[in-house]
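Notes follow the structure.
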Amino acid sequence: MRGSRNPMDGDSIRSSFIRFFEEREHLHMPSASLIPAGDPTLLFTSAGMVPFKPFFMGEQTPPRRRLTSCQKSFRTTDIDEVGDHKHLTFFEMLGNFSIGDYFKPDAVAFAWDLCTGLFGLEPERMYVTVHLDDDEAYDIWHNDIGVPPERIYRYGNSDNWWGPAGLEGPTGPCSELHYDGGAEKGIGQHPVTDEMMTPDDLTAMLRREADEGIPAEPGGCHPNCDCERFVELWNLVFMQFYQDLDGVRTPLPAPSVDTGMGLERAAAVLQGKPNVYETDLFRPIIDSVCRLTGREYGSDSETDYAIRVVAEHARAASVLISDGVVPSNSERGYVLRRIIRRAIRYGRQLGLDRPFMTDVAAAVIDRFAAAYPALSENRDFIQRVVGLEETQFLDNIRHGMPLLEDILHYLKTPDANPPALLETAGVDADGLAAARASESIPSAVAFVLYDTYGFPPELVDEIGRREYGLAVDMDGFNVEMEAKRERDRAGHQVIGSMEIVTAYENLGAGHTAFDGYYRTSIESRILGILRDGEAVGQATRGQQVEIVLAETCFYAEGGGQVGDRGVIAGPNGRVNVEDTQSPVAGLIVHRGVVAEGDIALGDAISAQVESERRLDASRNHSGTHLLHAALRSILGPHVRQAGSLCDTGRLRFDFNHVGAMTPDEQLSVQSLANSKIRENLAVTARETTYTDAVRDGALAFFGDRYGDVVRVVRMGSADSDGHDHADPFSFEVCGGTHVHATGQVGTLVVLGESSIGGGMRRIEAVTGRAAEELVVQQSATLQAISQKLQAPVQELEARLDAYMADTDALRRRLAETERVGMRAEAESLLARVRDVEGVKLVASVTSASNVESMREMGDYLKQKLDSVVVALGAVIEGSPMIVTMVTPDLVDRGLHAGNIARDAAKLMGGGGGGRPETAQAGGRQPDRLGAALDSVTNLVRDGLAT
RNA sequence: GGGGGCUUAGCUCAGUGGGAGAGCACCUGCUUUGCAAGCAGGGGGUCAGGGGUUCGAAUCCCCUAGCCUCCA
């Protein structure tokens, strides 16, 4: 092998692959973000063809029919497998694509030339697979390329058929290239023999499986075998059919090719390494983990496994963060959180009990900065996010630790108090006994710790074993976990309302042309009228209608911007439009009431948007773009729009961010936005293709589905002739209406910033008229306060402080006076001590204004009299209240303050209770307070008797 | 989107239907000039918000919000 003398490093494999295809007229497309743009159904970009899906689906025109790329990819399916030699979450996928251009012969030839020529792999080590029925591909490999039959294998649908992705779409057979690492790698890993099966034998076996359902059980080795001999290097997908919803396949007029080669695997093969972790793509990261832990890679399998987990997850996490993912409790952010935490867990296993992920992330950034500049651009942010997540996880563990310690302690020493968590986990006495008998920690406990506190079961096990000799029942844990999955799945339900959509479709109006970006009035014709969801020919005064026009200048609610209001005037009547919506893509519906006369299908009308209101919304919409750009500039490029509202009054902007914004950051954002407003930047819009827009650097809001043609809005990049310059302040894909220059926004005032869930923040602001109104209102409030406090605005704060200090002093003095009064009253009560069978009793109505005072009087009496029963009453805010006290010596003689209070209160229509020494009671009949207190004498007598 | 948990002093958190607490931090004084100093005193609370049950709710019930966590 030529590569073995001077093996290619990962970077040159990447670049030479791209160059190879560029030389063959392919256009090099830069890697798209790991966050798929415009495809809300997909969590991550998981393969090279994902960004090109609209091209393959025929929804968009590709910039060229031959494309090549090295695509960052992320797959969540085998996170828990990562750590072995094979699985990765993040990987780079090299690929060449033909969109209706060349097909099998060229694709095969390219792949062969690249492997055996550019990569210098020995042809004898290359094995080829094709689909059972794909004789075309077989013949090309055999006749044109010259691969001998003994190295061409056929496989069925599970191995060599692709697609469709989803319910319908392009689909077709695949052909794969496998690299033979040598027979010795597979020794002892086969059911019967380590010898290769012949292609004919395997084909016959797979045919029987496909036709007769007899499971294929290969006894020997073959390219798709589970042993470690073969590496699947390259997958060529031949999209030659279109499969519809019923599963019927029709040949595509222009078949396409999609191929994918994992960069990491290619590097392992070309560098002669046993697995991807030994390649130069991983080695620097592995080395950094070793430096941190003081361990050596290759010393023992358990250590190696942990090192690989840390390295892989740190790499994946860094790239995810550089693409704008931030840890959170759901979706992408949750996947990121999981891999960071999994890495920390394995780091712990390597003896790292202090934060270390930022250091590993640094190694990742250093290694990949050249290929992915976004990594070094976001270096600080990546490290900060990883560091924060690490501290948060350590916090969780710190919180869970005492809970776990209590349980472990209780399992070992049964006479301790049972921890509450046991009950939460639903562990009964039997379960407890079983756990103690088997020296194990009940799986329900581990589950609750994990489910509620994020405390990993592996850690419970580790601590349990080390400190108490107790292990976690992992099987039981997995059962609990599976049960939870079932429960959560049951909670899922999707409701769709198709009837509404069809009502609009039945209108037959199809598509409404929108011409409202630069005008607010238009002449058009009524194409459809809906009343209560039914198409009608006309409508009369007072009726609620929905109107479809041939062409409109009314903006339909979308992109966070509210729909327009206005008037549609026809020859015989007028409609007040209250809202404009787009219930079906491309169709604009005006909702409102016929205000005068009547309207009918076909009427020629003039439509007029309420322009002041439209302008308010436009100001807010432009305001969100300014905010978005300012936020990215101040907080970092990870800021990504998650939703927005551009109403007429205020605007709202939701975005990803770690933690709350500081007041300083809020001010900086506001100040930057306002300086751009004062610069009066030109706001220009033009139409382009989605791909071009994104390639030029326009921000696109994930979650929106963009069509073939999109509109991009720039602020601050066009000169007076309308030519675009580099580096606009703001550049977004957006269909909303905007002001013509930022100065029209007026002023932007940030109202506040708040959380809307993990990793998501919301900022609210006002612009233009609303901002002015806010200032007017606030200064009016200030003036009013200033009048009331009799002080100029500048001195308000000092004046208020003085008032508060005064109030404070007065309150204290009042309390003190009251206390003195109460003391005096208490003293007078000393003269009214009665004797009930040798027990001193004070029972009296007082003038106390709160229960507190009565307690203080009681305390005083207890202190003075040593041994006494006190029952004090007062009417507080209309309700009779009683406080009772019994000194400890009398409690010993059977008296109970709580019982006395309760029984006495019955006489005034209430109840009460408390502790033996102190209690209180209340009632509903103030006039019975005296009687209640009188009854205490008898209650004491009864209490002493029993 | 669904499940579980939490929200009490500036911070970390106890709190069992009947007097809102501890440690740290803060302030004052004393003591001492050294490693988390010590002693004494003090200030600081919408017990997340709202509703309900009750004579009485931080505590029980319901709703809302925020945060943590697991799952999708």
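We name chains A, B, ... by the order of the sequence lines, and we start the count at 1 in each one.
Side-chain N/O atoms of A:Arg924 include none lying less than 4.0 angstrom from OP1 or OP2 on B:U54. Between B:U69 and A:Asn396, a contact under 4.0 Å exists linking OP1 or OP2 to a side-chain N or O. Under 4.0 angstrom from either OP1 or OP2 of B:A72 there lies at least one side-chain N or O belonging to A:Arg485. Contact annotation: A:Arg902 does not reach the phosphate of B:G56 (side-chain N/O to OP1 or OP2, under 4.0 Å).
Salt bridge status for A:Asp461 with A:Arg465: present, with a side-chain N to carboxylate O gap under 4.0 Å. No salt bridge links A:Asp647 with A:Arg650; every basic N to acidic carboxylate O contact stays at or beyond 4.0 Å. No salt bridge links A:Asp353 with A:Arg348; every basic N to acidic carboxylate O contact stays at or beyond 4.0 Å.
Rounded to whole angstrom, the span from the CG atom of A:Leu43 across to the C1' atom of B:G1 amounts to 14 Å. One interatomic measurement links the two molecules: CG of A:Asn329 to C1' of B:G5, which rounds to 12 Å at whole-angstrom precision. Rounded to a whole Å, the CD atom of A:Glu458 is 12 Å from the P atom of B:C70. Between the CZ atom of A:Phe447 and the P atom of B:G3 there is a distance of 14 Å, given to the nearest Å. Between the CE atom of A:Met854 and the C1' atom of B:C55 there is a distance of 12 Å, rounded to whole Å. We find that CG of A:Leu459 is positioned 16 Å from C1' of B:C70, with the value rounded to whole Å. A straight line from CG of A:Asp451 to C1' of B:G4 spans 5 Å, rounded to a whole angstrom. Rounding to whole angstrom units, CG of residue A:Asp654 and P of B:G66 are separated by 11 Å.
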Heavy-atom protein contacts under 4.0 Å, nucleotides 11-21 of chain B, coded B base, S sugar-phosphate only, - none: --S----BBS-
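Atoms CD and CG, on A:Glu331 and A:Leu43 in that order, are 7.0 Å from each other to the nearest 0.5 Å. Rounding to the nearest 0.5 angstrom, the gap separating the CD atom in A:Glu458 from the CZ atom in A:Arg342 is 8.5 Å. Going from atom NZ of A:Lys862 over to atom CZ of A:Arg855 covers 11.0 Å, rounded to the nearest 0.5 Å.
The side-chain contact (heavy atoms from CB on, under 4.5 Å) with A:Pro916 is formed by just one residue from the set A:Val891, A:Leu890, A:Asp892; it is A:Val891.
B:G5 and B:A48 are spaced 15 Å apart, taking the C1' atom of each and rounding to whole Å. When the P atom is compared between B:G2 and B:C63, the two are found 14 Å apart, to the nearest whole Å. Going from the C1' atom of B:G34 to that of B:G66 covers 45 Å, rounded to whole Å. Taking atom C1' in both B:G23 and B:A36, the straight-line distance is 13 Å, to the nearest Å. The P atoms of B:G19 and B:A58 are separated by 11 Å, rounded to the nearest whole Å. Nucleotides B:U16 and B:C11 are separated by 27 Å at their C1' atoms, to the nearest Å. Comparing the C1' positions of B:G52 and B:U59 gives a spacing of 15 Å, expressed to the nearest Å.
Both distances falling under 3.5 Å, in either a Watson-Crick or a G-U wobble arrangement, occur for no nucleotide opposite B:U54. Nucleotide B:G34 forms no Watson-Crick or G-U wobble pair with any nucleotide shown, as no partner meets the under 3.5 Å limit on both distances. The nucleotide B:U12 finds its pairing partner in B:A22, both defining distances of the Watson-Crick or G-U wobble pair being shorter than 3.5 Å. Across every strand in view, B:C27 sits in a pair with B:G41 that passes the Watson-Crick or G-U test at under 3.5 angstrom. Pairing of B:A48, defined by two Watson-Crick or G-U wobble distances under 3.5 Å, is identified with B:U64.
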Stepwise side chain to side chain donor-acceptor pair (under 3.5 Å) test for A:Glu312 and A:Thr89: CA-CA 8 Å; A:Glu312 203 283 339; A:Thr89 54; 2.9 Å; yes
Residue pair A:Asn396, A:Arg341: steps toward the side chain to side chain contact (heavy atoms under 4.5 Å, CB included) verdict: CA-CA 11 Å; A:Asn396 287 148; A:Arg341 293 187 173 191; 3.3 Å; yes
Residues A:Val325, A:Val335; criterion side chain to side chain contact (heavy atoms under 4.5 Å, CB included); working and verdict: CA-CA 10 Å; A:Val325 182; A:Val335 174; over 6 Å; no
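Where A:Glu389 and A:Gly923 meet RNA chain B, the nucleotide closest to each residue was compared, and A:Gly923 sits on the side nearer the 5' end.
Of the candidates B:G5, B:G4, B:A72, the closest approach to any side-chain atom of A:Arg338 belongs to B:A72.
Within the nucleic acid shown, A:Thr452 comes within 4.0 Å of at least one base atom, counting heavy atoms only.
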Expected rows: protein N/O vs nucleotides 50-52 of chain B N/O, under 3.5 Å:
none

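Remark: side-chain polar atoms of A:Gln920 are not paired, donor with acceptor, to backbone N or O of A:Met881 under 3.5 angstrom.
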